[in-house]
Amino acid sequence: MGMKENAFAYIDAHRSEMLKMWEELVSIDSGSDYKPGVDKVVARVADVLTAMGGKTRIVEHESAGNAVVSEFGDCANKPFIVLTGHLDTVFSNPEETKARPFTIKDGRAYGPGALDMKGGVTLGIFGLKALLAEGFDKYAFKVVLAGDEETGHKSSDLAETMMAEFKGATAAFDFETGFMNDNVVVERKGFYRFSLETYGRSVHAGNEPQNGRNAIVELAHKAVDLDALTDWESGTTINVGTIEGGTVANAVPGYAKMVVDVRYLDPADFEKKKAQFKEVADKVYIKDVTTKMTSLAGLEPMVRLDGSMKLFEVYKSVYEENGFGNPEPIMVGGGSDATYTTKVGVPTVCAVGVKGGLNHTVDEFADVESLFMRAKVFIGTVLKL
């Protein structure tokens with residue numbers, strides 16, 4: 001038997017251990033804004049990587065979940081491969097797993113983060129274990145797992161740290177949420193989120209309406225203006241996602257707020273749009289109403305690299321040779337840290353974690369068999385590079 005067959009056999013022999021680790025990671029509540037939980041799951045994974053022989057360090061953050069970096073082999077002087085992802089989830093309740101513990105039913109796994117993306121972390125680690133068990137040393141490996149990906153690293157400088165760690169890698173695998181149709185992400189839209197707040201004058205709507213300045217109506221005009229900036233051709237979409245304001249129906253509202261989500265492919269087009277957002281904010285429809293614009297979060301696009309397409313072709317060939325399916329390369333609107341691997345020029349395949357659906361909801365599910373299958377595709381791809 002060759003190295004591939006032996007490494008695949010390693011996965012088959014460790015199915016129960018893989019399920020156990022998946023369950024253990026899901027059972028640690030790690031919503032991005034619950035630092036104690038994120039730090040706990042990061043520390044646990046750091047212990048696992050150290051026990052595997054990794055040179056491991058925890059990247060500590062004061063106001064965000066910690067991260068972990070672990071090196072196998074000499075990444076400074078040898079071609080190396082990146083395994084990346086995140087250990088935080090979108091579920092902020094620190095007791096989420098009490099309500100929804102990790103469960104497997106009809107071949108699907110459920111629980112907070114089972115799909116996004118603790119299954120992916122598990123399969124990446126076991127894929128690496130299988131390669132190390134076979135003595136594979138053509139490449140060194142670097143594992144980089146974030147603790148604040150779901151918030152776009154808004155309270156840490158991890159994005160810069162990650163780019164420094166990724167630079168010079170031969171290839172990167174981001175074990176993000178996989179799709180049920182097997183497709184692999186080679187390109188992602190960038191996103192930007194901002195708020196507009198309008199400040200008017202609140203008065204009794206029956207007694208002195210002429211003295212009021214309606215913050216909601218001002219904001220409504222601006223919502224329509226922003227919506228009109230969506231450009232389907234360039235792929236820039238603007239979504240007025242939430243709106244709030246007013247106190248009671250018989251008072252002219254003195255305050256209103258909306259939060260807007262923007263997705264884009266072309267950074268130059270986005271810069272143009274950003275200037276237009278400012279114009280909308282500055283325009284006054286109702287005399288004396290002022291508007292405040294605040295940037296809330298953002299993530300640049302994951303750029304489609306020629307190298308990523310070549311890496312995808314290798315990944316696809318492993319899929320097909322082993323009868324696993326026929327993945328296609330796709331672009332999606334949701335962001336991931338593959339933004340930072342591609343930004344420093346590293347060929348990347350993303351969404352190569354467990355397959356599933358409904359992520360970011362309480363109905364999130366993951367396909368259990370894909371935990372083992374995709375660990376094998378990762379192994380096969382590394383061996384073919």
Side-chain angles (χ1 to χ4, degrees), residues 31-34 64 86 88-93 96 112-113 115-117 148-155 159 176-177 185 187-200 214-247 253-267 269-283 285-286 289-302 331-337 339 357-364:
S32 309
D33 48 5
Y34 179 52
H86 63 89
D88 58 320
T89 74
V90 296
F91 301 102
S92 55
N93 175 11
E96 190 76 23
L115 173 65
D116 188 10
M117 56 165 278
D148 62 340
E149 188 270 351
E150 294 291 7
T151 55
H153 314 296
K154 68 172 196 250
S155 303
E176 271 284 3
T177 302
V185 173
E187 186 177 18
R188 289 179 180 273
K189 285 188 175 185
F191 95 93
Y192 174 62
R193 191 170 301 146
F194 68 96
S195 67
L196 287 188
E197 293 170 283
T198 47
Y199 300 85
N214 196 311
I216 288 179
V217 174
E218 178 74 27
L219 199 65
H221 281 291
K222 288 173 162 46
V224 173
D225 289 346
L226 289 172
D227 185 67
L229 292 174
T230 284
D231 181 349
W232 299 106
E233 268 182 40
S234 71
T236 304
T237 57
I238 291 118
N239 181 56
V240 177
T242 65
I243 192 158
E244 61 189 88
T247 49
Y255 172 80
K257 176 185 177 180
M258 66 183 171
V259 179
V260 183
D261 179 277
V262 184
R263 304 282 161 155
Y264 65 96
L265 272 175
D266 178 1
D269 183 60
F270 169 65
E271 286 307 320
K272 252 189 286 183
K273 286 283 189 285
K274 221 171 160 184
Q276 290 174 302
F277 301 155
K278 178 89 172 64
E279 283 170 25
V280 170
D282 291 344
K283 187 173 179 182
Y285 282 94
I286 296 173
V289 177
T290 57
T291 301
K292 180 183 168 195
M293 180 175 171
T294 309
S295 293
L296 300 174
L299 183 67
E300 292 168 63
M302 170 194 180
M331 181 271 287
V332 294
S336 86
D337 282 337
T339 287
L358 303 175
N359 64 321
H360 288 200
T361 75
V362 294
D363 299 312
E364 167 187 37

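We number each residue from 1, following the sequence as shown.
Nearest approach of Thr89 to Gly113, heavy atoms of both residues: CG2-CA, 3.9 Å. Contact between Leu265 and Pro301 at its shortest, heavy atoms only, is O-CG, 3.7 Å. Scanning all heavy atoms of the two residues, the minimum distance from Ala223 to Val240 falls at O-CG2, 3.9 Å. In terms of heavy atoms, Ser155 sits closest to Ala64 at O-CB, 4.0 Å. Ser32 and Glu150 make their closest contact through OG-CB, 3.2 Å (heavy atoms, listed as atom of the first residue, atom of the second, distance).
Under the 3.5 Å distance criterion, with hydrogens and angles disregarded, no donor-acceptor pair is assigned to the side chains of Asp266 and Ser234.
Applying the ring-ring contact (aromatic ring centres under 6.0 Å, His included) test to pairs two or more places apart or on separate chains, none has a residue in residues 224-245. Annotation: salt bridge (charged side-chain N to carboxylate O under 4.0 Å, His left out) contacts involving residues 220-233, sequence neighbours excluded, comprise Glu218-Lys222.
At least one side-chain heavy atom of Glu176 sits less than 4.5 Å from a side-chain heavy atom of Asp116. Within the 4.5 Å cutoff, the side chain of Val259 has heavy atoms near those of the Arg193 side chain. Side-chain contact between Thr237 and Val262 is absent, with no heavy atoms from C-beta onward closer than 4.5 Å. Using a 4.5 Å heavy-atom threshold, the side chains of Lys154 and Asp148 count as separate. A 4.5 Å side-chain heavy-atom check between Leu299 and His153 finds every atom pair outside the cut-off. Glu149 has its side chain within reach of Ser336: a pair of non-hydrogen atoms, C-beta onward, lies under 4.5 Å apart. In this structure the side chain of Ser295 reaches within 4.5 angstrom of the side chain of Tyr192, judged on heavy atoms. Considering only heavy atoms from C-beta on, Leu196 comes within 4.5 Å of Leu226 through its side chain.
For the side-chain contact (heavy atoms from CB on, under 4.5 Å) with Met302, the qualifying choice from Met331, Glu187, Arg188 is Arg188, the only one to do so.
Separation of the Tyr255 and Tyr199 ring centroids falls under the 6.0 Å cut-off.
Taken to the nearest 0.5 Å, the CG atom of Asn239 stands 6.0 Å off from the CG atom of Asp261. Within the model, atoms OG of Ser195 and CG of Leu296 stand 4.5 Å from one another, a figure rounded to the nearest 0.5 Å. Here the CE atom belonging to Met258 is positioned 6.5 Å from the CZ atom belonging to Phe194, to the nearest 0.5 angstrom. Atom OG1 in Thr291 sits 10.0 Å away from atom NZ in Lys278 (nearest 0.5 Å). Interatomic distance, CZ of Arg263 versus OG1 of Thr230, reported as 12.5 Å (0.5 Å rounding). Annotation: the span from Glu96 atom CD to Tyr34 atom OH amounts to 12.5 Å, rounded to 0.5 Å.
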Item to complete: Could you walk me through whether Leu219 and Ile243 pass side-chain contact (heavy atoms from CB on, under 4.5 Å), step by step?
Response: CA-CA 9 Å; Leu219 199 65; Ile243 192 158; 3.9 Å; yes
